[in-house]
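Presented below is the structure to which this report refers.
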Amino acid sequence: MKHEEKNIKAYSQNFTTMTPGPFAKRMRTCVLFQIIRFIVINLKMLVVVSKSH
Amino acid sequence: MEFENEEKYMARLIVLGGGVSGHTAATFAAKWLGSSHEVVVVTPNSKWNWIPSNIWVGVGQMTKEEVTFDLAPVYKKAGITYKQAKALGIHPEGNESSDKPYVVIESTEAGSAGKVENIEYDYLINATGPKLNFGATPGLGEGSNLGEYTVSVCTADHADHAAHELQKCIEKMKKGERQKFLIGTGHGMCTCQGAAFEYIFNIEHELNKAGVRDMADIKWISNESFLGDFGVGGLHMKTMGYAVSSKIFAESLFTERGVEWIIGAHVNKVEKGKAHYELLDGTMGVEEFDFSMLIPPFAGVGLKAINKAGEDITATVFAPNGFMKVDANYAAGAYENWKASDWPSTYQNPTYGNMFACGIAFAPPHPISKPMSSPNGTPINPTPPRTGMPSGIMGKTVAHSVCDRILKGENAPLHEASMANMGAACVASAGKGLFNGTAAAMTIYPVVPDFEKYPGTGRDTDYTFGEIGLAGHWIKHILHHLFIWKAKLKAGWTLIPE
C-alpha cells in the first residue's frame, strides 16, 4: 500500500487536491460498512425526495 | 390534413414527449383522470429509454434492449392514446374556423410516416426534451445527427455504437497500440456534465478490467470553470466535519484514477482525431484522440407557435433557445441579481394558461453556474441541468395541476415544484458486478442554490452530500430496475418516487 499518492505530480494541476489513503479505499469496498452506508444514503435520499414533493 | 375531435371526451390533455417528464406526466394524468377524459402522448420514439443506464450500454455492460421498452403496450394498458409522431407546431388560439387550440403533428410510424394531422386539446404539456444540437459544433455532427468522428451516449443507439468503438480501441491496445481517450462536453454551452463524468470513469474501469489501462491516456474536457461544477455551480458536501467543495472531490477522483482534465473549454471544431477548443483565458488548443465522447449542447426541438390569424408567435411562446417560456423571471439580469425565486414553480406558460412545459422543455430563467466568457466574447459556461429526478417531479406536478383544473374547474390552484425547493440524487457508477463496481453517490438540496435561505453555500449541507463506495453502486442498480418497473406501470408503480 505504499505510494498511494503516486498520481500526484508536483506543481501539476492535481498537486493541490486531496487523495484517499488505504483506509479510505478499503472502506469503499468493505461490505459490512457499505451495508450501513447503503441504509444511511437511502434514508437521506428518501428525505430529499420527500422534501422535493 | 384532417381534424380529429371526439365528442365523447369531456377534456383532452396532450403531452408532447414520452421521456422521463412526459411519461411521468401522462401516466399520472391518465390514472387521475380515469376514462372520462383523454390523455394523448405524442412522441416520435417507439421506445422508452432509461437514459442514465445508457452509460453502461456505452461500455458494453448492458444491451440497448435492457434500457428500453416499447411504449405502445404500456400506453394501451394505461388507456393513453399514443401517437408516434413529432409535433411541428402549436396553435394555441385555434384557427379561422375554430377557437379550439390544436397541435400539428407528423407521423414517424412505419407505414404512415410523414402523415400530418391536427389534434385539438384542452390542455397541453410540452415535455419534448431537447434537440441534441450536434450541429452547433462543426464536425461534431449535422443538426441533431451525430457526426463520424466522435461517439455519444445520449440515446441507446448512440451508446451501443460507442461500445463497439470502445471495443475496437481495447483490441488495438491489446496489440500494443497506445490510445487517447477524450471525454466531456462538445461545446461551451453544454449541460449534462454528470453523464460524461460517469462515462469517463466507466471507461477507466473497463480498461482496467481488460488489463490495458496502462496503454491509455484518458483526458476530460469540459465547459465547467472548475472541475465539479456539474452545471449547478458546484456544491459543498458535509464530510469529516467540513463542508467540502465538489471541486476537491472531483479533482481527487480524477487524480486517483490518473485522469487529466481541461476545463473552461469551448470545443469549437472537431476533425478526425482532433478536437479544437478555446479556453476561458482566450487561448486556443487542439487535443488529439483515438476515441472521444463529447456531449452536444441542447436546444429546443424547433416547435412553432401560430396565432388565430396565422401569424408566427414563436417568439412569444418560446425563448430564443427554443424552450417554452413558463412562470420564470426572465429579466433577472446579471448573476449578482439572481435569486432562487427566479425559477418557475408551476411551469405554466404566461401567455396561454392551458399550456405547461416541464423537464428540459421549459426555458430556465438563467444558468445556475455563473456565466463566463473568454476575452474573445465566447460564452463558456454550463447550462442548467433539468433531467432525472427534477424532470420526473416537474412532470407529476404539472399533471396534478392539469388534472385539478379538469376535475375541479379552471380556477383550481396550481401545484408547485420549483428547482429551488427541490433536491436531486445522482449516482455515477462504474462496473456492473455486485462487489467489483464502485460509485460516487451524491444528493443535492436544493438543485438551484438559495443563498438567502442557506447563506454561504446556498444549499442545506445536511442533505447535500456525496461519497464513493459500493453502497452507491448498489443504489444505481436498484434505481435502474425500479424506474423501468415504474415506467412500465407494473404493480405498485405509483409508490416509487420520481
Side-chain angles (χ1 to χ4, degrees), chain A, chain B residues 227 244 247-263 389-390 392-393 396-397 400 415 417-419 421-425 427 434-447 460 462-475 478-479 496-498:
Chain A
M1 283 295 178
K2 278 186 176 179
H3 311 301
E4 286 290 333
E5 302 87 14
K6 64 180 169 52
N7 285 344
I8 291 182
K9 293 181 180 66
Y11 293 92
S12 71
Q13 63 180 172
N14 66 21
F15 192 43
T16 53
T17 192
M18 62 181 189
T19 189
F23 179 74
K25 282 187 176 175
R26 228 180 351 256
M27 295 311 276
R28 291 178 185 172
T29 51
C30 170
V31 174
L32 192 62
F33 179 69
Q34 288 300 319
I35 288 172
I36 296 166
R37 295 310 302 162
F38 177 79
I39 295 165
V40 171
I41 295 171
N42 268 294
L43 289 173
K44 281 200 173 191
M45 282 183 173
L46 282 175
V47 173
V48 170
V49 167
S50 66
K51 282 162 77 82
S52 303
H53 279 74
Chain B
L227 211 57
V244 181
K247 175 180 187 285
I248 301 290
F249 270 104
E251 288 183 352
S252 172
L253 188 59
F254 276 65
T255 302
E256 182 189 334
R257 303 293 167 89
V259 177
E260 293 181 15
W261 61 87
I262 302 169
I263 47 168
M389 184 175 154
I393 293 173
K396 188 176 180 181
T397 303
H400 213 162
H415 293 263
S418 165
M419 282 173 64
N421 288 312
M422 189 191 298
V427 186
L434 264 185
F435 297 105
N436 62 6
T438 181
M442 281 188 287
T443 65
I444 178 171
Y445 185 87
V447 176
D460 185 338
D462 283 336
Y463 298 105
T464 301
F465 70 97
E467 64 182 65
I468 297 172
L470 271 177
H473 184 63
W474 297 334
I475 291 169
I478 291 169
L479 290 180
I496 301 168
E498 286 67 46

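Basis for what follows: all heavy atoms, side chains included, without hydrogens, waters or symmetry-related copies.
- Taking CD1 of B/I475 as the start and CG of A/N42 as the end, the distance is 4.5 Å to the nearest 0.5 Å.
- The contact between B/A424 and chain A is made entirely by backbone atoms, counting heavy-atom distances below 4.5 Å.
- For B/H400, the ring-ring contact (aromatic ring centres under 6.0 Å, His included) test picks out B/W32, B/H415, with sequence neighbours left out.
- Using a 4.5 Å cut-off between heavy atoms, A/I35 touches chain B through backbone and side chain atoms alike.
- Ranked by non-hydrogen atom pairs under 4.5 Å with chain A, the options B/S418, B/A417, B/S252 are led by B/S252.
- For residues 34-49 of chain A, the set of pairs meeting the salt bridge (charged side-chain N to carboxylate O under 4.0 Å, His left out) definition, not counting sequence neighbours, comprises A/R37-B/E467.
- Between the side chain of A/S50 and the main chain of A/V47, a donor-acceptor pair closer than 3.5 Å is present.
- Interface remark: B/Y445 contributes side-chain atoms only to the contact with chain A (heavy atom separation under 4.5 Å).
- A/Q34 and B/A471 make their closest contact through OE1-N, 2.8 Å (heavy atoms, listed as atom of the first residue, atom of the second, distance).
- Interface residue A/V31: backbone and side-chain heavy atoms are both found under 4.5 Å from chain B.
- The main-chain N or O of B/E256 is found under 3.5 Å from a side-chain atom of A/N7 such that the two form a donor-acceptor pair.
- Between B/E251 and B/R257 no salt bridge is recorded (no basic side-chain N to carboxylate O distance below 4.0 Å).
- To the nearest 0.5 Å, atom CG of residue B/L227 and atom CD of residue A/Q13 are 8.0 Å apart.
- For a residue to count as touching a neighbouring chain, one of its non-hydrogen atoms must lie under 4.5 Å from one of that chain's; by this rule B/M389 touches chain A with the side chain only.
- With a 4.5 Å cut-off on non-hydrogen atoms, B/D462 touches chain A through its backbone but not through its side chain.
- Looking at B/T443, the atoms closer than 4.5 Å to chain A (heavy atoms on both sides) all sit in the side chain, from C-beta outward.
- Interface remark: of the candidates B/I393, B/I468, B/I248, B/I468 forms the most heavy-atom pairs closer than 4.5 Å to chain A.
- In terms of heavy-atom pairs under 4.5 angstrom with chain A, the leader among B/F465, B/W261, B/F249 is B/W261.
- Neither the backbone nor the side chain of B/F254 has a heavy atom closer than 4.5 Å to any heavy atom of chain A.
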